[in-house]
Chemist: 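Mind having a look at this structure? Questions to follow.
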Amino acid sequence: MSGRDTHRKAQMPKSKIRTRLAPSPTGVPHVGTAYQALFGYVWARKNDGSFILRIEDTDRERSSKASEKAIIRALRWLGLQWDEGPDVGGEYGPYRQSERLEIYSKHVSQLLKEGKAYPCFCSRERLAEMRKTRRSGADTGYDGLCRSIPASEAQKRMESGESHTVRLKSPQDGECVFTDLLRGEVRKDWRSVDDQVLLKADGYPTYHLAVVVDDHLMRISHIIRGEEWLNSVPKHVLLYRYFGWEMPVMCHLPLLRNKDKSKLSKRKNPTSIGFYRDTGYLPRALLNYLAMMGWSHPEGEEKFDLENMIDLFELEKVTLGGPVFDVDKLRWLNARYIREDHTPEELVDLLQGWRLNRQTLVRIMEISQGRLQTLSDWGPLTSLFFADDVRPDPADLRACGLEERELREMLQLLVWKLESVQDLDIDTISIELREMADKLGLKLRKLTAPLYVAISGKTSSTPLFDSMAILGPDISLVRLRRALEALGGTSKKQRKALEKRYRDLFEKSG
RNA sequence: GACCCCAUCGUCCAGCGGUCUAGGACACCGGCCUUUCACGCCGGCAACACGGGUUCGAGUCCCGUUGGGGUCGCCA
């Protein structure tokens with residue numbers, strides 16, 4: 001029997017199975033999150049366990065309530081209902097990490113007192129400098145400078161109010177060996193594990209501390225998450241050991257990939273769950289498709305529902321190769337649901353629940369009316385609201401009077417800008433576009449002209465801001481990115497320079 | 001660069017030492033059906049990365065090489 005088989009057996013639950021989804025509310029709900037949610041959800045259901053939603057909002061800068069709401073909405077749309085969470089409560093709450101600060105600080109104090117962690121007074125500047133010098137060396141990561149500060153001195157400096165973080169003391173030799181449900185034994189030299197920051201200078205915990213404390217306190221039995229976390233497991237192992245807690249089962253799922261095999265990214269694929277919702281994919285189809293990425297139905301069925309999956313699912317059977325997210329196959333599956341599972345009447349209901357409802361149609365009519373000579377003009381005029389394959393002609397984009405390079409830069413800056421706003425309503429769009437035009441020294445229409453093409457696929461269309469607002473942020477942003485791509489996209493080097501420009505334009509001046 | 005993970009058709013999966021001249025699905029290409037298209041049906045193209053072991057026997061086990069991915073933040 002192979003090692004893999006050995007570790008894949010004997011995982012019979014000793015106590016109740018509890019899985020969790022722990023997204024950070026820092027952006028748009030991602031299909032990768034849905035993917036992890038699906039497996040965690042199914043595993044919990046299969047074992048009559050619980051599925052928990054925990055919001056990891058420990059990044060004060062980037063976390064937002066709007067994002068949290070969007071995540072909850074997206075998961076609800078998918079139909080993955082959790083048993084405990086910030087909105088539904090539960091006996092292990094609160095389920096928002098920003099509401100658990102005292103818990104973390106208590107645990108950090110304990111580690112500090114026991115000499116398992118230490119305060120670090122290094123400035124961000126020093127850390128940046130240190131990383132620069134170590135850049136291509138064997139060991140990167142924190143050099144441990146503050147570890148050697150005598151306890152008494154450290155104490156004094158903390159009490160004097162000197163800004164500091166708290167770092168975990170990592171062993172300086174030996175090897176960390178842990179078990180991943182899907183991979184078996186994974187080993188990593190402790191030397192390659194640096195002293196992780198546990199508590200930030202603002203008193204908030206880092207992911208590493210919060211995740212361990214919460215998973216333990218919330219009695220999580222199986223940690224099902226993305227492979228990107230595999231390398232930080234030793235840090236978590238250490239925390240469990242220091243606290244004297246039992247480790248949950250670790251299960252790192254492969255990462256969804258772009259066509260070129262890199263980690264699924266919004267630049268190369270629509271990644272927001274909302275995009276699939278807004279372009280008319282059925283939640284069951286999306287879930288079904290996601291399930292096929294790494295798991296296969298024992299009978300070889302391609303189309304199966306959640307209940308069926310729960311029935312037959314085996315976590316240990318998940319495949320490890322990073323699956324490429326193939327929209328064509330998703331479309332095919334979605335088509336099967338549309339034609340096999342619904343009557344025409346039901347589909348009309350679906351259509352109305354989507355965009356063809358009175359409220360949305362009135363909004364669209366408000367901006368169409370003045371442009372109609374006959375009612376039949378309405379169809380072609382408004383097709384942009386009911387289509388996904390709006391492909392801007394690069395020639396139309398170039399004909400807008402901007403130099404191509406300038407055009408690409410503008411589109412990229414705009415994508416970043418709009419990604420950063422919370423609600424893409426008309427006022428916001430207006431404000432942002434005007435600010436962008438202003439900062440770039442362009443007349444507003446110079447900037448909006450190519451946007452009509454990007455959003456509608458045509459050189460003229462219904463009013464831009466309204467159209468974008470009706471389409472929603474997910475579709476609007478995808479169309480902007482597609483236009484950028486149609487122009488050849490931007491190179492890594494260009495993006496680097498543009499990022500700096502973006503920061504100069506929007507951050508320094510506020 | 002260092003470390004960790006991974007490796008079957010272009011893509012997603014099946015295969016868990018012999019039944020593999022490697023199976024299914026998407027995509028693609030033919031044909032049939034059909035007023036068009038789509039659906040459906042039939043057929044085709046197409047893969048075990050490479051090199052060493054282990055074994056009577058390797059896609060399946062071990063090692064190496066190569067390739068891909070991830071991580072190296074007071075982000076998660």
Side-chain angles (χ1 to χ4, degrees), chain A residues 1-5 8 22-27 30 33 55-63 97 120-124 127-128 130-131 134-142 163-167 176 178 180 182-184 186-194 196-211 225-235 252-264 289-303 316-333 335-336 338-340:
Chain A
M1 187 185 284
S2 73
R4 181 179 257 198
D5 286 335
R8 286 190 181 209
S24 75
T26 52
H30 195 279
T33 306
I55 300 294
E56 311 238 325
D57 56 347
T58 54
D59 184 339
R60 271 168 132 169
E61 302 264 302
R62 300 193 304 152
S63 294
Q97 292 186 327
C120 172
F121 304 95
C122 291
S123 66
R124 286 168 195 272
L127 293 174
M130 178 201 74
R131 273 179 209 117
R134 296 190 154 209
R135 187 170 13 140
S136 54
D139 40 323
T140 48
Y142 183 56
S163 174
H164 66 276
T165 62
V166 174
R167 285 183 187 270
C176 175
F178 64 93
D180 178 90
L182 298 174
R183 293 156 237 267
V186 176
R187 29 189 83 230
K188 192 165 172 56
D189 283 336
W190 280 119
R191 283 185 54 86
S192 70
V193 179
D194 74 341
Q196 178 61 44
V197 169
L198 299 176
L199 203 65
K200 309 177 201 178
D202 65 2
Y204 270 56
T206 57
Y207 171 85
H208 303 283
L209 201 230
V211 79
R225 69 220 319 173
E227 189 180 0
E228 72 242 71
W229 294 111
L230 198 59
N231 271 306
S232 35
V233 172
K235 293 167 181 178
H252 292 84
L253 261 20
L255 261 19
L256 263 21
R257 312 285 185 92
N258 297 313
K259 265 210 157 53
D260 64 5
K261 294 278 188 182
S262 56
K263 173 162 87 164
L264 194 67
Y289 176 68
L290 255 13
M292 297 186 331
M293 314 265 85
W295 182 72
S296 62
H297 187 107
E299 306 294 317
E301 298 295 335
E302 301 272 341
K303 180 165 168 255
E316 340 25 23
K317 283 273 174 70
V318 173
T319 264
L320 251 20
V324 172
F325 193 88
D326 178 6
V327 187
D328 282 340
K329 193 154 184 177
L330 206 209
R331 288 184 79 89
W332 165 79
L333 235 198
R336 284 193 62 182
I338 284 179
R339 81 176 92 89
E340 294 171 13

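The chains referred to below are lettered A, B, ... by the order of the sequence lines, with proteins before strands, and numbering in each begins at 1.
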Chemist: Whole angstrom is fine here: how far is it from CZ in A:Phe325 over to C1' in B:G10?
Modeler: 18 Å

Chemist: Give the nucleotide from the list B:A25, B:C4, B:C13 with an atom nearest to the side chain of A:Glu302.
Modeler: B:A25

Chemist: What is the distance, rounded to the nearest whole Å, between atom CD of A:Glu299 and atom P of B:G24?
Modeler: 16 Å

Chemist: Among residues at least two apart in sequence or on other chains, which ones pass side-chain hydrogen bond (donor to acceptor under 3.5 Å, both in side chains) with A:Gln196?
Modeler: A:Lys235

Chemist: Holding to side-chain hydrogen bond (donor to acceptor under 3.5 Å, both in side chains), I want the full list of residues that pass it with A:Asn231, two or more places apart in sequence or in another chain.
Modeler: none

Chemist: Restricting to ring-ring contact (aromatic ring centres under 6.0 Å, His included), what partner residues turn up for A:Phe325, sequence neighbours left out?
Modeler: A:Tyr276, A:Tyr289

Chemist: Please name all residues satisfying salt bridge (charged side-chain N to carboxylate O under 4.0 Å, His left out) with A:Lys188, sequence neighbours left out, ordered by chain then number.
Modeler: none

Chemist: Rounded to whole angstroms, how far apart are CG on A:Leu320 and P on B:C4?
Modeler: 16 Å

Chemist: Residues two or more places apart in sequence or in another chain: which of them pass salt bridge (charged side-chain N to carboxylate O under 4.0 Å, His left out) with A:Lys259?
Modeler: none

Chemist: Can you name the ring-ring contact (aromatic ring centres under 6.0 Å, His included) partners of A:His30, sequence neighbours left out?
Modeler: none

Chemist: Dump the pairs, protein N or O against N or O of nucleotides 31-34 of chain B, anything under 3.5 Å, distances to one decimal.
Modeler:
none

Chemist: Using a strict 4.0 Å threshold on nitrogen-to-oxygen distance, state whether A:Arg183 and A:Asp180 make a salt bridge.
Modeler: yes

Chemist: Suppose we call a contact any N or O donor and acceptor under 3.5 Å apart; does that hold for the side chain of A:Lys329 and the base of B:A27?
Modeler: no

Chemist: Round to a whole Å and report the spacing from CG of A:Leu333 to P of B:U11.
Modeler: 19 Å

Chemist: Counting any heavy atom closer than 4.0 Å, what does A:Val233 reach on the DNA or RNA strands: base, sugar-phosphate only, or nothing?
Modeler: nothing

Chemist: May I ask you to decide whether A:Glu227 forms a salt bridge with A:Lys263, counting only side-chain N to carboxylate O separations under 4.0 Å?
Modeler: no

Chemist: For A:Arg331, what residues pass the side-chain hydrogen bond (donor to acceptor under 3.5 Å, both in side chains) criterion, not counting sequence neighbours?
Modeler: A:Tyr281

Chemist: Without decimals, in angstroms, what is the distance between A:Leu330 CG and B:A25 P?
Modeler: 19 Å

Chemist: Expressed in whole Å, how much space separates the C1' atoms belonging to B:C12 and B:C4?
Modeler: 25 Å

Chemist: With RNA chain B as reference, determine whether A:Trp295 or A:Asp189 sits nearer its 5' end, using the nearest nucleotide of each.
Modeler: A:Asp189

Chemist: Quick one: what's the B/S/- string for nucleotides 66-76 of chain B, heavy-atom cutoff under 4.0 Å, read 5' to 3'?
Modeler: --SSBSBSBBB

Chemist: Applying a 4.0 Å non-hydrogen cut-off, can you work out what A:Gly322 is touching in the nucleic acid: base, sugar-phosphate, or nothing?
Modeler: sugar-phosphate

Chemist: Taking only residues two or more places apart in sequence, or in another chain, which ones meet A:Val197 in a side-chain contact (heavy atoms from CB on, under 4.5 Å)?
Modeler: A:Thr165, A:Arg167, A:Thr206

Chemist: Of all residues at least two apart in sequence or in a different chain, which pass the ring-ring contact (aromatic ring centres under 6.0 Å, His included) check with A:Trp229?
Modeler: A:Tyr207

Chemist: Could you tell me the separation between the CG atom of A:Leu256 and the P atom of B:C6, rounded to a whole number of Å?
Modeler: 18 Å

Chemist: Quick one: A:Arg225 CZ to B:C5 P, roughly how many Å, whole number?
Modeler: 16 Å

Chemist: Atom pairs under 3.5 Å, N or O on each side, protein against nucleotides 39-45 of chain B: can you list them with distances?
Modeler:
{"residue": "B:C39", "atom": "O3'", "partner": "A:Arg339", "partner atom": "NH1", "Å": "3.3"}
{"residue": "B:G40", "atom": "OP1", "partner": "A:Arg339", "partner atom": "NH1", "Å": "3.4"}

Chemist: Can a side chain N or O of A:Thr319 be found less than 4.0 Å away from OP1 or OP2 on B:A14?
Modeler: yes

